[in-house]
Protein chains: 2
Amino acid sequence: MSSGSITINDIAKMLGISKSTVSRALSEHSDVNAETRHKVLELARKLNYTPNALALNLKQQRTNTIGVLIPETVNRFFAKAIGGIQRVANLAGYNVMICQSDESFVTERSNLRSLLTAHVDGVLVSVSAETDRTDHFQILLDKNIPVVFFDRITEELNTSRVYTDNYEIAFEGTEHLISQGCQRIAIVAGPQNLYNSRYRLKGYMDALRKHNLPVKENYIVQSHFRGGTVEDYTRQLINLPQRPDAIFAINDFAAIEMMHVIKKNGLRIPQDIAILGFNNETICRFVEPALTSIDMSAYDMGSEAAALLLDQIKGNRDPQLRLIKSRLVIRESTHLKG
Amino acid sequence: MSSGSITINDIAKMLGISKSTVSRALSEHSDVNAETRHKVLELARKLNYTPNALALNLKQQRTNTIGVLIPETVNRFFAKAIGGIQRVANLAGYNVMICQSDESFVTERSNLRSLLTAHVDGVLVSVSAETDRTDHFQILLDKNIPVVFFDRITEELNTSRVYTDNYEIAFEGTEHLISQGCQRIAIVAGPQNLYNSRYRLKGYMDALRKHNLPVKENYIVQSHFRGGTVEDYTRQLINLPQRPDAIFAINDFAAIEMMHVIKKNGLRIPQDIAILGFNNETICRFVEPALTSIDMSAYDMGSEAAALLLDQIKGNRDPQLRLIKSRLVIRESTHLKG
DNA sequence: GCCATCTGTGCAATCGATTGTCCAAATATT
DNA sequence: AATATTTGGACAATCGATTGCACAGATGGC
């Protein structure tokens, strides 16, 4: 009565039986007289009984909740991934607790503590831009709490991972630019502590080498995802003595801002500079010129990661790897030939 | 030992005292001998004791978690609002459980049940596009669980609300278009069951009336936020015998897609048709022409809503209203004069 | 030296479920 | 008819905290 909800005890008293009998009647699987069971189920339904999740949590030491630790929800990749995660989780009866690191290592570590305190049954992680070590995740392994890394993964820990073929797709994107006749290809690379950034840069460099193009240091720009610097590095690139004839951007929004700056400087896209984005946002089709980009299947990565995690929670404990392939989507911003 | 974490009982046994004494020692506020307390605190620190949140949840009937019920995380307005919500919540020691309705009434109701089952201490709500009644929220009021509606609010329930001046800003936006010489202003209006959509449409109509412009039915398009229809209704509008000379779009992404369709049809922006967006996305500055829009302070709305909710959770039970003003940001897409 | 007061601590109930153990009654076996 | 087996359900412990109540021992007042 106190909390407004009725309990197993209330039902027991009303029927003059013990609460263990009520419990067993409700959880089908035990020897309760058919008539007794019927009376219990009937009354439970009538009183709209729902088991108190808090009591179950304590008793069973689990919460039917999974934690999600991501950089930012305003990052559309993660917003989409959350969609996939929630769908899979909710279908399985799990709730989702989301924490954002805001690309900060300290916040990430603190979020992790919160999730542990909340006793989530498992955690999905995509690390922050600042994260260059992984010892804070060790505690999850020590406590035998399932973890699945997705997208911004780490290779340092023996956990399940869902990732994309960063190397191959960056290679393919770069080769595409080369195939369009570009010879001086610049790249905006993310922080090199991140798995994705490292392999993308590598794919880019290997593609250049394969086609006997020089890898030039001043064609490689470091970015930390923070806005506000795009204009700066774009200017810097287009003012180089040997101006690049193509730029592989870090994501679509940065690419669009770059295009704006480039056009403001009287250069044509793609004739003077071709632009290649990342993420294949819907808006790519509507900017001018339409932006070539790389489709990442964020939703699928989220779903797959959640599915793996639930699998692990259910007891399947050996780490799994899942590759979700990305796809080059060619549009006008890189279309020079044919 | 079983769950790996040490408990108050472990400490009690190790010191040969009762667990109630340990509990009292840890929670400062009771008469425990200074020496005993010191020993307890010392050992607790050494063993890295943390109270089991699950036990506290059951005992105290609260979870230090707030629920957030929103349409979609891929909607940038809500992605930003989540940022504000989480910051305020985390600072106060609360976790955040997010549910997405995917703009579906049924899912919204089901999400609400999940949040209730999870015993969240309070709920922040922005209703789905389909939501045209509010009886499913009554259960929150009945159970005395604090609710704060934000952005997509309802006026039917006596709860706290954080909202923006939809009427005034739509009025202002429309007057701005009129001031630029536009006479045939179309609007893409959201579902009329939504508070925001209703008042925006009203503001638009009243502005027209104030300036003695006719309110024409075929200048008012209904949209349900779903993509894929933008091209259709844009074509429909520009093919009207009396083509509109301005369109008030439902949001920036739709506006940008409209601009694309309009330009593809050989019309100029803003000379032939002026475009006004909604949300003031960063990208507004980088499209061509730069898009005039309305800035909604999503982050602030989220923070404010969370702050109100925490206030209510802490006992301040009378409903509060908070107006967060929006702001018209004028750019090239509506710049005809001067 | 006797009773009152204060201090510090332990016991046990409580939150709301699950579950192992045990026992009484009913039924089956010989 | 005496014993063995099955059946149905009660009791109590448990999960890990908090907290009201009781009580022993120390201290103080007279």
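The shown structure was predicted, so the numbers you read here are calculated from the model rather than taken from an experiment. Worth knowing before you read on, the calculation uses all heavy atoms, side chains too, and leaves out hydrogens, waters and symmetry mates. Throughout, a chain's letter reflects where its sequence line sits, starting with A, and its residues are numbered from 1.
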Legend entry - Nearest-Å distance for atom pair CG/P, residues Asn33(B) and dG25(D): 16 Å

Inset, instruction - Quickly work out the Ile11(A) CD1 to dA10(D) C1' distance and round it to whole Å. - result: 17 Å

Inset, instruction - For Asn111(B) and Arg113(B), test the side chains for any donor-to-acceptor distance below 3.5 angstrom and give the result as yes or no. - result: no

Legend entry - Distance-only side-chain donor-acceptor flag, Lys80(A) / Ser297(A), under 3.5 Å: no

Legend entry - Nearest-angstrom distance from the residue atom CG of Asn9(A) to P of dA12(D): 14 Å

Legend entry - Inter-axis angle, terminal five-pair segments of the helix from dG1(C)-dC30(D) to dT30(C)-dA1(D) [nearest 10°]: 60°

Legend entry - Considering all heavy atoms, the nearest Thr73(B)-Gln100(B) contact: N-OE1, 3.0 Å

Inset, instruction - Give the rounded distance in Å between these two atoms: CD of Gln61(A) and C1' of dG16(D). - result: 8 Å

Legend entry - d(CG, Leu58(B); C1', dA17(C)) in whole Å: 8 Å

Inset, instruction - State whether Arg152(B) and Glu103(B) are salt-bridged, where the test is any N-O pair (Lys NZ or Arg NE/NH1/NH2 against Asp/Glu carboxylate O) under 4.0 Å. - result: yes

Legend entry - Point-to-point distance, once rounded to the nearest 0.5 Å, from OG1 of Thr21(A) to NZ of Lys39(A): 11.0 Å

Inset, instruction - Describe the nucleic acid contact of Ile17(B) in one word from base, sugar-phosphate, nothing, applying a heavy-atom distance below 4.0 Å. - result: sugar-phosphate

Legend entry - Nucleotide-resolved protein contact map, nucleotides 18-23 of chain C, B/S/- at heavy-atom distance under 4.0 Å: BBB---

Inset, instruction - Take the protein atom CG of Asp31(B) and the nucleotide atom P of dT5(C), then report the distance between them rounded to whole Å. - result: 18 Å

Legend entry - Spacing of Asp10(B) atom CG relative to dA17(D) atom C1', expressed in whole Å: 13 Å

Inset, instruction - Return the value, rounded to whole Å, for the distance between atom NZ of Lys13(A) and atom P of dA10(D). - result: 14 Å

Legend entry - Flag for Thr131(B)-Ser128(B): side-chain donor and acceptor within less than 3.5 Å: yes

Inset, instruction - Check whether any side-chain N or O of Thr7(A) sits under 4.0 Å from OP1 or OP2 of dC15(C), and answer yes or no. - result: no

Inset, instruction - Would you check if Val68(A) and Met97(A) make a side-chain contact, meaning some heavy-atom pair closer than 4.5 Å? - result: no

Legend entry - Distance-only donor-acceptor check, side chains His136(B) and Glu108(B), under 3.5 Å: yes

Legend entry - Phe149(B) ring center within less than 6.0 Å of Phe137(B) ring center: yes

